[in-house]
Each structure stands twice: as structure tokens, then as C-alpha cells.
Amino acid sequence: MRTAWLEIDLDALEYNWRLIQTKAQGEVIPVLKADAYGHGALFLARYLLARGARRVAVARVSEGRALRQGGVEGEVLLLGSLHPLEAEEALRWGLVPSLSTWEAALALSQRARALGLSPRAHLEVDTGMHRTGVDWREAAAFYHRLRELGVRVEGVYTHLASAEEDPAFTELQRRRFAEVRRALGEGPLYHLENSAGLFLYGPSAQGVRVGLALYGLFPGVGLRPILRLKARPTLVKRLEREARVGYGGEYVAKGGEWLATLPVGYADGLPRGQARWVRGPDGALLPIVGRISMDQIAVRLEGPVGLEAVFEVIGKEGKTSLFALAEARGTIVYEAATSLKRLPRLYLAQGRVYAEEDAGGAPLPGLPLAPEGDGL
Ligand SMILES: *Cc1c(COP(=O)(O)O)cnc(C)c1O
């Protein structure tokens, strides 16, 4: 029996996936980097590829390799700028890298020739973010050099720098990308918007790359968060007057209150230091008292509960949501979600356990990792 775990709601995921597809009117590339923003990349890759995704995207060669080692056979796109030293590993694992430098392009083509493989890539175009990508004014020339080198350019994309903040700049980037597309002509898949770009402006190319929205963490557009963090108490006790709780003894008991210790802490991704709330077994909001430890928190109860009781440490809305957690740690919801780690995950469909992973993200034996037919 597990005492602390993440629950991923596949019905909510399915809802988000459909909503995003309707909105995108083209290819949706699920972005599963950083272990799918804490939601578990291996399961979601298999699930979404079985639900019609044509490819999934991750950030690192190591993330792509982990998908392959976990049995994912579909197309895997590597975002970011391929380093020449990574070309061989990307090829060996059948990952499709993004190119934005000539050094990486040369390495990819040379290593491919040596291995007897054909080099494939997406070309990233820099339309104003100045992070990765080939300058949009040089994209056409670079594209033709890639083709002369023998690289099959399967996709061309750009990334928005300020989709949530700057409509004029976003439009400028989209215009620049449209110019690039006109210059290059049809053939590769042109993909552009992230979650904010898609939901605030709509699609402007043939595809979108969506992370946050998939997890229901782009707010205000009807998407549903898909993750909960739950835990059972490992100890329940009544405090004496002046009993001090946790490191530094910051919480001092009035006397008589009930306390539950839950086995989840900052090493699992809870922000240390900020007062926070959890939901008790009956749905009541209960305060975390004292400092958050690496592996444990203490929660003040309204009355005694048994050790089988289930607490919701992260929920889908209100004071226990990932949004509230991000605010408490003074950051964005991306960072709050990608901080989640170490916990095993349960994937639920229609309230039933559909699949499960151990704390390392590996599938447990005997349980399905991909939907069979249209069973959901
Ligand atoms: C992370 C990332 C995305 C997804 O962004 P969201 O805001 O989570 O939708 C898309 N494209 C690139 C290049 C990225 O790095």
C-alpha cells in the first residue's frame, strides 16, 4: 500500500486533449519535457500516441532515450538546439532533433553517414526570442544548405517569447514565421504556438506544441487540471500544551489539538517555508503547521482520524491547487509542477486505477501502459 502518491485523471486529460485539438485545427504536438511537467512522460507518451498524437516532444536526449527504453516507438522530437556531441545518441535512439546551428547539422549528417542512418530534423527559426533557432532572415538559406547536406527537414518551427504578455510582439513573431513559410514553401510541418499562443491568439501554422494546456494548467479557458497529490497519515496524535512541532519548533501547541504527520515534504516538491493548506478526508481545509521537512509535513486536524484516511495535499482548485502552490513559492505554475518528483503515480480513468508507476516512473508489472482499442 502506498502512503503518498500522485493521481493523474485521464478523463480530464482526455477532455483537455480534445479541447486542444478542436482549438488547434491541425497537428497537436504534446510537450512532455521535464517528465511531462511532473505528470509522468512515459505513460503520457504512450497514452497520447495511442490517442492520435503523431509525435511527442521532449527537451533532452536523455528524456527521449528514457521513452525509448520504456517502449515508446512513436516519433519523438527533441526541442532546444542539438549539441554536436549529442548527434550520435539522438540518431541511435531514433530521436528527431531540432537544429539551429551549422555545427550540429554537420555532426548529425556525419554521424548518420557513419551509422548508415538517414538524418532527419526540425529546423528551429528564431523570430525574436534570441534563445535558440536560426535567425528568420537566414532561415531560407539555412534550410537549403541542410537539404544539400542530405538532412531531411521534417518540420520548421518557432517559439513565442511573450505570448502571455505582449500581443504586438507575438503578432510580429507570427508574421516573421509566415514569411519564412512563404520563402521555404510547403513540405515540412510548420508548427508554432505554445499553450498561451494557442488559447490567446489561435493557431497560425499547421501545428502547435502544447504542454501546460494538456495538464490543464493554462487558466481561464475551461481546461481541467489533471493532477492530485494524496497521502495517508503515518501518525496521528494529540498535542500537549506548549508542545513544539517540527524543526525549529515554530508551531507551539495550545494543547489538545490533533496532529497528523503525512509522508510528503520539500523533496517531493512542496515549497518549504510557506504556510499552506491540505484537504482532510472530509474535504475541510487544514493548515500545515511547523516547517515542512524533506519527507514529512504536520497537519492540524479538527479531530482524530485513522491511518487509512486520505488527505489531498495538492488538489485541482482553490487553496490546495498547483496555482496556489506556485503563488506560495513566488513562482509560475510551470516551476511548481516540474518540482514534483519521487512520488509514485496512479493513472485513473472513470475513477478506477488504469495504470501505475513506481516512484521512479517505471511501469509496475501486470498493468496496462496504453489504452487498448477505444476502451476509455
Ligand atoms: C516548453 C515548450 C513548449 C510548450 O510550452 P507550454 O507553454 O507549456 O505550452 C512549446 N515549444 C517549445 C519550444 C518549448 O520549449
Side-chain angles (χ1 to χ4, degrees), residues 13 16-17 19-21 23-24 26-41 44-45 48 53-61 63-64 75-82 95-101 104 121-134 136 139 154-166 170 173-174 176-177 180 189-221 223-227 322-323 326 331-340:
L13 175 68
N16 296 340
W17 178 234
L19 189 65
I20 293 162
Q21 281 179 314
K23 186 88 187 157
E27 181 172 340
V28 179
I29 304 175
V31 176
L32 306 180
K33 61 194 179 192
D35 212 4
Y37 300 21
H39 295 70
L44 292 188
L48 291 165
R54 301 199 39 204
R55 73 197 89 213
V56 298
V58 292
R60 301 271 165 81
V61 172
E63 294 177 327
E75 288 282 289
V76 177
L77 170 65
L78 298 176
L79 302 170
S81 184
L82 181 75
L95 311 170
V96 180
S98 298
L99 294 177
S100 44
T101 68
H122 286 221
L123 168 60
E124 185 180 355
V125 179
D126 178 6
T127 55
M129 188 166 182
H130 298 108
R131 185 178 67 175
T132 44
V134 172
W136 82 96
E154 297 179 339
V156 178
Y157 71 95
T158 193
H159 192 48
L160 298 172
S162 308
E164 282 169 89
E165 291 144 67
D166 191 338
T170 301
Q173 285 194 278
R174 302 208 310 173
R176 286 171 174 170
F177 191 65
V180 168
L189 175 77
Y190 291 89
H191 49 104
L192 203 164
E193 284 80 16
N194 65 345
S195 298
L198 174 63
F199 279 92
L200 299 178
Y201 305 92
S204 69
Q206 298 167 302
V208 298
R209 300 176 309 279
V210 168
L212 205 64
L214 205 54
Y215 314 116
L217 296 175
F218 185 76
V221 295
L223 295 159
R224 300 177 180 166
I226 69 171
L227 175 142
L322 267 174
F323 298 106
T331 186
I332 53 175
V333 72
Y334 292 88
E335 193 185 353
T338 55
S339 300
L340 296 172

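Quick note: residue numbers are just sequence positions, from 1. Fair warning: this is a prediction, and the values are worked out from it, not measured in the lab. No hydrogens, no waters, no symmetry mates; every other heavy atom, side chains included, goes into these values. Atoms within a ligand are numbered from 1 in the order they appear, just like the ligands themselves.
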What is the closest protein heavy atom to atom 1 (C) of ligand 1, and at what distance does it sit? K33 NZ, 1.4 Å
Out of curiosity, is Y334 lining ligand 1, as in a heavy atom under 4.0 Å away?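 Right, Y334 reaches ligand 1.
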Can an N or O of S195 be found at a distance shorter than 3.5 Å from an N or O of ligand 1?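 Checking ligand 1 against S195, an N or O pair does fall under 3.5 Å apart.
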Any idea which atoms of ligand 1 are less than 4.0 Å away from a heavy-atom of [X]?
{"X": "Y37", "answer": "1 (C), 4 (C), 5 (O), 6 (P), 8 (O)"}
{"X": "L212", "answer": "6 (P), 8 (O), 9 (O)"}
{"X": "G211", "answer": "4 (C), 6 (P), 8 (O), 9 (O)"}
{"X": "V210", "answer": "9 (O)"}

Rounded to the nearest 0.5 Å, what separation is found between the CZ atom of R55 and the CG atom of L189?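 CG of L189 is found 5.0 Å from CZ of R55.
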Could you give the distance from CG (L160) to CZ (R209), rounded to the nearest 0.5 Å? 7.5 Å
Checking contacts here: is it the side chain or the backbone of R209 that comes within 4.0 Å of ligand 1, counting heavy atoms only? Could be both or neither.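 For R209, the contact with ligand 1 is made by both the backbone and the side chain.
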Mind telling me whether Y37 and Y215 have parallel, tilted or perpendicular rings, with 30° and 60° as the class edges?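 The rings of Y215 and Y37 sit tilted, inter-plane angle from 30° to 60°.
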Testing the basics here: between H159 and Q173, what is the closest heavy-atom pair and its distance to 0.1 Å? O-NE2, 3.1 Å
For the student: nearest non-hydrogen atoms of S204 and L192, plus distance: OG-CD1, 3.4 Å
Just by distance, no angles: are the side chains of S81 and S100 close enough, under 3.5 Å, to form a donor-acceptor pair? yes
